Amino acid sequence: MRTPPFDADVIIAGCGPTGAMLAAELRLHDVRVLVLEKETEPASFVRIVGLHIRSLELLAMRGLLDRVLEHGRRRPAAGFFAAIDKPVPEGLDSAHAYLLGIPQPVVDRLLEEHATALGAQVRRGHAVTGLDQDDDGVTVELANGEHLRSRYLVGCDGGRSTVRKLLGVGFPGEPSRNETLMGEMEVGVPQEEIAAKAAEIHKTNKVFSLRPFGGGAYRVVVPVPGVGDRAEPPTLDDFQQALRAIAGTDFGVHSPRWLSRFGDATRLAERYRVGRVLLAGDAAHIHPPAGGQGLNLGVQDAFNLGWKLAAQVRGWAPGTLLDTYHDERHPVAADVLDNTRAQMELHSAEPGPRALRRLLTELMDFNEVNRHLIEKITAIGIRYDFGEGPDLLGRRMPDIDLKQGRLYDLLQRGRGLLLDRTEHLTADRWSDRVDHLADPTAALDAPCVLLRPDGHVAWIGDDQQDLNTHLSRWFGAPTA
């Protein structure tokens, strides 16, 4: 039987931030990408999300940060862990050590525009309903009966991922036991009354929040016991009842701009790859929004996967390169799930968690403790296991100054980069995949550093033979 031609090298299910970022990363390497989004229009409600330090660094690596900064508001990189109010720790090693509050629809739009400008195709109103993979590729079935074929398929289709379910990948963890209502609306009582009541409630309930958001609107976050129908958005009446239950008043809330609910389910996919099908973002992991890590975790998945999947499609990937996506990102997600579990416990009004919160609040007065937790939440403390070596090995390289400008400006093409102070090493036989910068800067505290396209340090040393081994490990066989 003749195999039908490929409609794309990679089909991506879902055009949220994860899917759009992945599409853009693949297009940097001329991979033909088709993004299928089941929704016919982008989300209409304006929910504010926070971009953390590592996500801001990744945007800087692709020349997107200035465009994104125009639409956001900077806040100090502090108070993330369980909303414990502490100052910005000393020693955060980043040129972008702040939180950027930005409407999620704006993030979605900018990343989709970036992907399409690079040549990705996006089709809205196309839901994936079936898949069948073989040795050569994946056949994707759509709700309208159409069949498409690609070399690889990536499910970036959210926590209820159809792709994950079709694959039969386990999604173990804890189901939602409680949920939280979140929305923006106007109020009918003075700000002073709201502030006093909110401060009183916050002494025993760390989740509750009612704060002015601008334009006469307030951001309302109120926990409710039990779990409602997640498929149905909450109503204004739901908010009024929840507010009266926790505050004794509904504050005269009216004229909602948007309303949503989220649960405290915590789940992690058992595998990120099954043959030619992969998972990323919420399709691979879900957790409560404590610390604001969800969107960031997905974008960072895409950055890790993009260049590896492109290498596989382009034919130069070492045999195990694509498997390192699961090996590296699955433990990162497991750690995020654990820290959100811990934060949710610290929000509890029970005596034990309250005592633990007081103790942790004291410990965070030590700068090292405070910084460790901030680095965990913002993902700049991640160290992938690349084997024995200096502490910098496997970590991300900060955006240092070079003689030729800023480091991240040199990574915009999504290629590897050799920073060589020795001036006698070479990566010429990998020049189609790796750039070489001789005598970059005296500030580089190593003779030579090899960076992957995601900015993580793949090798440190001064020996050409050892360098060749690691170039082959990450960038495949040399060209003749």
Side-chain angles (χ1 to χ4, degrees), residues 3 6 8-12 22 25-33 131-138 149-155 163 167 169 269-280 284 300-333 382-389 393-394 413-418 426-436 449-461 463-480:
T3 302
F6 293 113
D9 293 321
V10 177
I11 289 177
I12 298 172
L22 177 59
E25 288 298 286
L26 291 167
R27 284 301 304 153
L28 287 176
H29 302 276
D30 294 325
V31 173
R32 293 185 304 139
V33 182
L131 66 88
D132 181 39
Q133 62 174 312
D134 52 49
D135 292 341
D136 299 318
V138 185
R149 187 154 172 85
S150 61
R151 299 179 189 276
Y152 290 89
L153 168 67
V154 186
V163 173
L167 276 179
V169 171
E270 292 178 336
R271 292 179 289 171
Y272 281 16
R273 179 190 179 193
V274 179
R276 292 178 172 271
V277 184
L278 301 102
L279 303 172
Q300 292 155 26
D301 284 347
F303 237 80
N304 186 284
L305 175 59
W307 69 278
K308 297 173 181 177
L309 185 54
Q312 194 77 20
V313 171
R314 302 297 294 175
W316 58 260
T320 60
L321 181 64
L322 194 53
D323 289 328
T324 67
Y325 168 60
H326 171 94
D327 295 342
E328 292 172 6
R329 296 304 297 173
H330 194 271
V332 169
I382 291 172
R383 187 189 187 203
Y384 297 138
D385 184 7
F386 294 169
E388 295 294 326
L393 183 67
R413 293 195 295 168
R415 294 159 52 91
L417 178 62
L418 184 66
T426 180
D428 287 352
R429 291 190 293 163
W430 290 267
S431 60
D432 58 334
R433 289 153 265 171
V434 180
D435 295 322
H436 181 195
V449 169
L450 176 65
L451 298 180
R452 305 192 315 182
D454 59 2
H456 280 262
V457 177
W459 176 80
I460 302 171
D463 179 78
Q464 183 68 57
Q465 184 174 350
D466 192 33
L467 171 60
N468 290 348
T469 299
H470 284 81
L471 283 166
S472 296
R473 173 185 177 183
W474 295 110
F475 298 100
T479 55

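Small disclaimer: the values here were computed from a predicted structure and weren't measured. Keep in mind that the numbers below use all heavy atoms, side chains included, and drop hydrogens, waters and symmetry copies.
Using a 4.5 Å heavy-atom cutoff, the side chains of Asp327 and Tyr384 are not in contact. The side-chain heavy atoms of Asp435 and Arg413, taken from C-beta on, include a pair separated by under 4.5 Å.
Rounded to the nearest 0.5 Å, atoms CD (Glu25) and CH2 (Trp307) are 11.5 Å apart. Between the CD atom in Gln133 and the CZ atom in Arg149 there is a gap of 10.0 Å [rounded to 0.5 Å]. We find the CG-CZ distance between Asp432 and Arg314 to be 10.0 Å, quoted to the nearest 0.5 Å. Put simply, CZ on Phe386 and CZ on Arg452 are 3.5 Å apart, with the number rounded to the nearest 0.5 Å. Rounding to the nearest 0.5 angstrom, the gap separating the CD1 atom in Ile11 from the CZ atom in Arg151 is 12.0 Å. The distance from the CG atom of Leu279 to the CG atom of Leu167 is 6.0 Å, given to the nearest 0.5 Å.
Qualifying side-chain contact (heavy atoms from CB on, under 4.5 Å) partners for Asp385, counting only residues two or more places apart in sequence or in other chains: none. Every residue meeting the side-chain contact (heavy atoms from CB on, under 4.5 Å) condition with Leu322, not counting sequence neighbours, appears here in chain and number order: Tyr152, Arg273, Leu278, Leu305, Lys308, Leu309, Gln312. Take Arg27 and apply the side-chain contact (heavy atoms from CB on, under 4.5 Å) test, not counting sequence neighbours, and it matches Asp30, Val33, Leu118, Ala120.
Between the side chain of Thr479 and the backbone N or O of Arg429, at least one donor-acceptor pair lies under 3.5 Å. Between the side chain of His326 and the backbone N or O of Tyr272 there is at least one donor-acceptor pair closer than 3.5 Å. Formation of a donor-acceptor pair under 3.5 Å by the Arg415 side chain with backbone atoms of Ser431 is found in this model. Not a single donor-acceptor pair under 3.5 Å links the side chain of His330 to the backbone N or O of Ala284. Side-chain atoms of Arg276 do not come within 3.5 Å of backbone N or O of Leu153 as any donor-acceptor pair. With hydrogens and angles disregarded, a donor-acceptor distance shorter than 3.5 Å links the side chain of Thr469 to the backbone of Gln465. In this structure a side-chain-to-backbone donor-acceptor pair under 3.5 Å is missing from Trp459 to Leu418. A donor-acceptor contact shorter than 3.5 Å is absent between the side chain of His456 and the backbone of Asn304.
When every heavy atom of Leu321 is checked against every heavy atom of Ala311, the shortest pair comes out as CD2-CB, 3.9 Å. The two atoms that bring Pro318 and Gly476 nearest to each other are CG-N, 3.4 Å, heavy atoms only. The minimum heavy-atom distance between Leu393 and Val457, with the atom names listed, is CD1-O, 3.6 Å. Annotation for Val434 and Ala427: closest pair CG1-CB, 4.3 Å, computed over non-hydrogen atoms. When all heavy atoms of Leu26 and Gly306 are compared, the pair lying nearest together is CD2-O, 3.5 Å. The shortest non-hydrogen separation linking Ser472 to Pro478 is OG-CD, 4.2 Å.
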One pair to check against side chain to side chain contact (heavy atoms under 4.5 Å, CB included): Trp430 and Trp474. What are the steps and the verdict? CA-CA 11 Å; Trp430 290 267; Trp474 295 110; over 6 Å; no
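With hydrogens and angles left out, the side-chain atoms of Asn468 and Gln464 include a donor and acceptor closer than 3.5 Å.
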